[in-house]
Visitor: 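Pasting a structure below so you can have a look.
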Amino acid sequence: MSKSRKKMDLWNWVSVLLLLLFLIFFIYPCVRLMWEAFYTEEAGFTLDAFVKFFSKSYYFSTILNSFKVSIAVMALAMVLGVPFSYFFTFYRLKGRRVLFVLALLCTMSAPFIGAYSWIMLLGRSGIITKFLEGLGIEIGSIYGFGGILLVQSLKLFPLVMIYMNGAFQDIDNSLMEASANLGCSGVKRFFKVVMGLTMPTILAAALIVFMRAFADFGTPAIIGEGYKTFPVLIYDSFLSEVGADYNFASAVSVLAIILTGLVFLLQKFATSRFKFTINSLHPIQKKEAKGLSGVLMHLYCYVLIAVAMLPQFYIVIDSFRDYKGQVAQATYSLSNYQNAVRKLLGRSVTNTLVISVLSLAVIIVIAVLIAYLVVRRSSPLNHTIDTISMLPYIMPGAVIGISLIIAFSGQYFSLVGTMAIMVIALAIRRMPYTSRSATATMMQIPLSTEEASISLGASKLKTFVTITIPQMSSGIISGAILSFVSIVTEMSSGIFLYNNRTITLTLSTYSAITLGSYGTASAFATVTTLVTVVCLVLYLICTRGSERMSV
């Protein structure tokens with residue numbers, strides 16, 4: 001066998017190894033989940049769990065609730081985010097960098113922290129609620145559908161803004177000028193030309209918002225009260241106080257996979273109807289935001305960001321307030337942080353960092369290999385691996401958590417309760433951020449640089465390590481930091497997998513909220529926000545995100 005043949009075999013072995021890893025830690029758990037949904041030791045193959053779900057409106061209504069709130073969040077996030085991005089891209093707004101950074105911070109924070117904050121502001125005993133009641137003004141309930149819609153929309157509209165920035169910047173300015181010459185300008189041009197040219201990105205952003213809202217467990221669990229959604233039903237079924245019903249929880253999880261898969265396919269079909277390319281030879285020329293319209297643009301952007309950031313600012317202040325039971329006092333101290341220290345703050349921070357770093361290390365290695373295999377060694381096998389790696393992106397975290405518990409809770413080989421199972425879950429869920437970014441960067445690297453290295457005597461493996469990976473560094477770093485932030489703020493899968501030894505910051509925050517220790521919860525949430533801010537700063541430094549977004 002020739003030397004070149006052996007080198008080719010090395011990458012074939014890498015492909016096989018990656019496929020085995022996904023088969024063991026993703027496909028196998030999913031198969032076990034489906035088996036659990038259709039089979040019980042008492043009845044054998046059975047559809048009883050599905051019959052139970054569809055025969056009771058209490059269960060079936062959770063599907064409708066999830067779809068209602070997810071569609072509403074998607075619509076409101078688009079309504080808020082698209083105009084924000086349009087003003088941001090087409091006009092010279094004052095304080096653009098501040099707007100951009102705050103928008104990133106909004107979307108990178110843990111969603112359930114926003115739910116908790118809004119309860120403290122607009123809940124039955126909230127500060128704003130009490131203030132308005134003193135003025136004789138009654139406001140509606142923050143709980144239920146309205147509360148979930150408020151929290152998730154304010155959390156996710158910046159994601160739409162970030163996605164749409166790139167799409168708006170790709171529009172050729174000559175098209176805008178041509179439409180103006182034909183009498184199409186202002187609002188009419190926005191809907192007919194701008195929206196039409198950016199429709200693929202609009203659909204992609206809408207899908208992301210929908211999936212994030214549909215899979216969110218923390219927000220509806222905290223602020224939903226009687227408005228129960230799909231992920232909350234999965235949690236209740238799996239961790240019921242009267243005993244876990246694995247069969248029913250697995251059946252509900254299978255339905256969640258089917259529903260999210262159908263939504264994903266629908267989005268792909270809709271996107272395929274808008275396939276076209278744009279060559280931005282003449283970039284958009286930003287206009288000055290002058291006059292009344294300029295004032296309204298600035299007002300819209302800054303008020304929206306201020307409202308979205310209000311809960312996070314309040315959490316920081318609340319973390320220093322003294323509490324007597326569940327009632328906040330007018331005095332301030334470090335007592336909440338002292339309580340947090342007694343409630344495993346040190347362990348939570350350590351576990352968060354260790355689990356996040358280990359998960360990120362796994363993600364970076366696998367994502368880089370997938371990117372190289374897909375771009376440089378394209379084959380059906382490698383594209384299959386790439387597709388499998390993307391599937392967890394459209395699956396609720398609760399489903400990933402339950403499938404891993406079912407698969408790895410055996411008598412002879414058990415990972416339940418260990419840090420390893422949390423690393424596996426987080427690496428599987430958050431890998432797409434880094435793999436997509438690495439693949440996009442890999443596609444921009446000319447093959448000639450690798451060929452030049454090989455022609456000078458370097459092996460293909462050495463070329464990959466010393467030439468290719470360094471050139472991919474910007475994409476790897478940007479994707480890795482986004483993965484890291486999403487890992488730090490993850491709760492949907494972790495809520496099923498953690499214990500006292502593996503508890504993290506987000507799980508400690510959620511635990512304190514459920515126990516009514518609001519001051520302590522604020523302290524945990526503030527530390528979580530601080531970690532998120534540090535990650536955001538690193539992201540901006542490493543990627544120079546402000547310049548890339550034309551800030």
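Keep in mind the model is a prediction, meaning the values are calculated, not measured. We number each residue from 1, following the sequence as shown.
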Visitor: Side chains of P29 and L404: closer than 4.5 Å at any heavy-atom pair?
Guide: yes

Visitor: So does K155 get a backbone contact from the side chain of Q152, meaning a donor-acceptor N/O pair under 3.5 Å?
Guide: no

Visitor: Would you confirm whether N351, through its side chain, and R501, through its main-chain N or O, come within 3.5 Å as a donor-acceptor pair?
Guide: yes

Visitor: With heavy-atom distances below 4.5 Å as the criterion, would you say the side chains of L203 and L207 are in contact?
Guide: no

Visitor: Pairs under 3.5 angstrom only: tabulate donor-acceptor contacts from the side chains of residues 356-364 to other protein residues two or more places apart or in another chain.
Guide:
| residue | atom | partner | partner atom | Å |
| --- | --- | --- | --- | --- |
| S356 | OG | T352 | O | 2.5 |
| S359 | OG | I355 | O | 2.7 |

Visitor: Could you tell me whether a side-chain N or O of N247 sits under 3.5 Å from a main-chain N or O of E36, the two making a donor and an acceptor?
Guide: yes

Visitor: If we ignore hydrogens and angles and just use 3.5 Å, is the side chain of T520 paired with the main-chain N or O of N339 as donor and acceptor?
Guide: no

Visitor: At their closest point, which heavy atom of G114 faces which heavy atom of V151, and how far apart are they?
Guide: C-CG1, 4.0 Å

Visitor: With a 4.5 Å cut-off on side-chain heavy atoms, are S15 and S379 touching?
Guide: no

Visitor: Any side-chain to backbone donor/acceptor pair from S409 onto I405? Under 3.5 Å, distance only.
Guide: yes

Visitor: Can you tell me how far NZ of K343 sits from CD of Q338, rounded to the nearest 0.5 angstrom?
Guide: 14.0 Å

Visitor: Show me the pairs that pass salt bridge (Lys or Arg N to Asp or Glu O under 4.0 Å) and involve residues 512-530, at least two apart or across chains.
Guide: none

Visitor: Please state whether the rings of F67 and F214 are parallel, tilted or perpendicular, taking 30° and 60° as the class boundaries.
Guide: perpendicular

Visitor: Return the set of residues passing ring pair (Phe, Tyr, Trp, His ring centres under 6.0 Å) with F496 (not counting sequence neighbours), or none when no residue passes.
Guide: Y235, F238

Visitor: Nearest heavy-atom pair of A49 and A251: which atoms, and what distance?
Guide: CB-CB, 3.6 Å

Visitor: Only counting residues at least two apart or in another chain, list the ones meeting ring pair (Phe, Tyr, Trp, His ring centres under 6.0 Å) with Y314.
Guide: none

Visitor: Looking at side-chain heavy atoms only, is the closest gap between W118 and I113 below 4.5 Å?
Guide: no

Visitor: Sequence neighbours left out, what passes side chain to side chain donor-acceptor pair (under 3.5 Å) with T502? Give chain and number order.
Guide: N499

Visitor: Quick one: ring pair (Phe, Tyr, Trp, His ring centres under 6.0 Å) partners of Y143, sequence neighbours excluded?
Guide: none

Visitor: Going by salt bridge (Lys or Arg N to Asp or Glu O under 4.0 Å), name the pairs with one or both residues in residues 200-219, residues two or more places apart or in two chains.
Guide: none

Visitor: Rounded at 0.5 Å granularity, tell me how far CZ in F60 sits from CG in L233.
Guide: 12.5 Å

Visitor: Could you tell me which non-hydrogen atom of P311 sits nearest to which non-hydrogen atom of L121, and how far apart they are?
Guide: CA-CD1, 4.3 Å

Visitor: Please collect all salt bridge (Lys or Arg N to Asp or Glu O under 4.0 Å) contacts where either partner lies in residues 48-60, sequence neighbours excluded, each pair once.
Guide: K52-D245

Visitor: Using the side-chain contact (heavy atoms from CB on, under 4.5 Å) rule, take F217 and I234 through it: C-alpha gap first, then chi angles, then the decisive distance, then the call.
Guide: CA-CA 9 Å; F217 161 77; I234 295 174; over 6 Å; no

Visitor: Can you confirm whether the side chains of N65 and T62 place a donor and an acceptor under 3.5 Å from each other?
Guide: no

Visitor: Which residue is it: L17, L18, T434, I385? I am looking for the one with a side-chain contact (heavy atoms from CB on, under 4.5 Å) to I366.
Guide: L18

Visitor: Under 30°, 30 to 60°, or over 60°: which ring-plane class applies to Y227 and F145, parallel, tilted or perpendicular?
Guide: perpendicular

Visitor: State, yes or no, whether a side-chain contact exists between S117 and Q312 at a heavy-atom distance under 4.5 Å.
Guide: no

Visitor: Got a second to check how far I27's CD1 is from L21's CG, nearest 0.5 Å?
Guide: 12.5 Å

Visitor: Quick one: are F408 and I424 in side-chain contact, heavy atoms under 4.5 Å?
Guide: no

Visitor: What side chain to side chain donor-acceptor pair (under 3.5 Å) pairs are there with at least one residue in residues 248-262, not counting sequence neighbours?
Guide: none

Visitor: Is there a donor-acceptor contact under 3.5 Å linking the side chains of S522 and Y116?
Guide: yes

Visitor: I'd like to know if the side chain of S493 reaches the main chain of G401, judged simply by a donor and an acceptor atom lying under 3.5 Å from each other, with no hydrogens or angles considered.
Guide: no

Visitor: How close do M395 and V399 get, counting heavy atoms only, and between which atoms?
Guide: CE-CG1, 3.7 Å

Visitor: Looking only at the aromatic ring of each residue, does the gap between the centers of F54 and Y59 stay below 6.0 angstrom?
Guide: no

Visitor: Test your reading of the model: is there a side-chain donor-acceptor pair from S389 to the backbone of D386, 3.5 Å cut-off?
Guide: yes

Visitor: Within the structure provided, determine whether F26 and I388 are in side-chain contact (heavy-atom separation under 4.5 Å).
Guide: yes

Visitor: Just by distance, do the side chain of R347 and the backbone of N500 share a donor-acceptor pair under 3.5 Å?
Guide: yes

Visitor: Could you tell me the separation between the CD atom of E490 and the CD1 atom of I400, rounded to the nearest 0.5 Å?
Guide: 9.5 Å

Visitor: I need the full list of salt bridge (Lys or Arg N to Asp or Glu O under 4.0 Å) pairs touching residues 217-230, with sequence neighbours left out, sorted by first then second residue.
Guide: R124-E225, K228-D236

Visitor: State which residues pass salt bridge (Lys or Arg N to Asp or Glu O under 4.0 Å) with R376; sequence neighbours excluded, sorted by chain then number.
Guide: E450

Visitor: Can you tell me how far the OG atom of S153 sits from the CD1 atom of I148, to the nearest 0.5 Å?
Guide: 11.0 Å

Visitor: For residues S319 and N336, is any side-chain donor paired with an opposing acceptor at under 3.5 Å?
Guide: no

Visitor: Residues in side chain to side chain donor-acceptor pair (under 3.5 Å) with S486, at least two apart?
Guide: none

Visitor: So, taking the atom named CZ in R32 and the one named CD1 in I402, what distance separates them when rounded to the nearest 0.5 Å?
Guide: 13.5 Å

Visitor: Looking only at non-hydrogen atoms, find the nearest pair between P396 and A215 and report the distance.
Guide: CA-CB, 3.7 Å

Visitor: So do I257 and L33 actually touch side chain to side chain, heavy atoms under 4.5 Å?
Guide: yes

Visitor: Given L255 and F50, is the side-chain contact (heavy atoms from CB on, under 4.5 Å) satisfied, shown in steps?
Guide: CA-CA 9 Å; L255 291 173; F50 294 93; 4.1 Å; yes

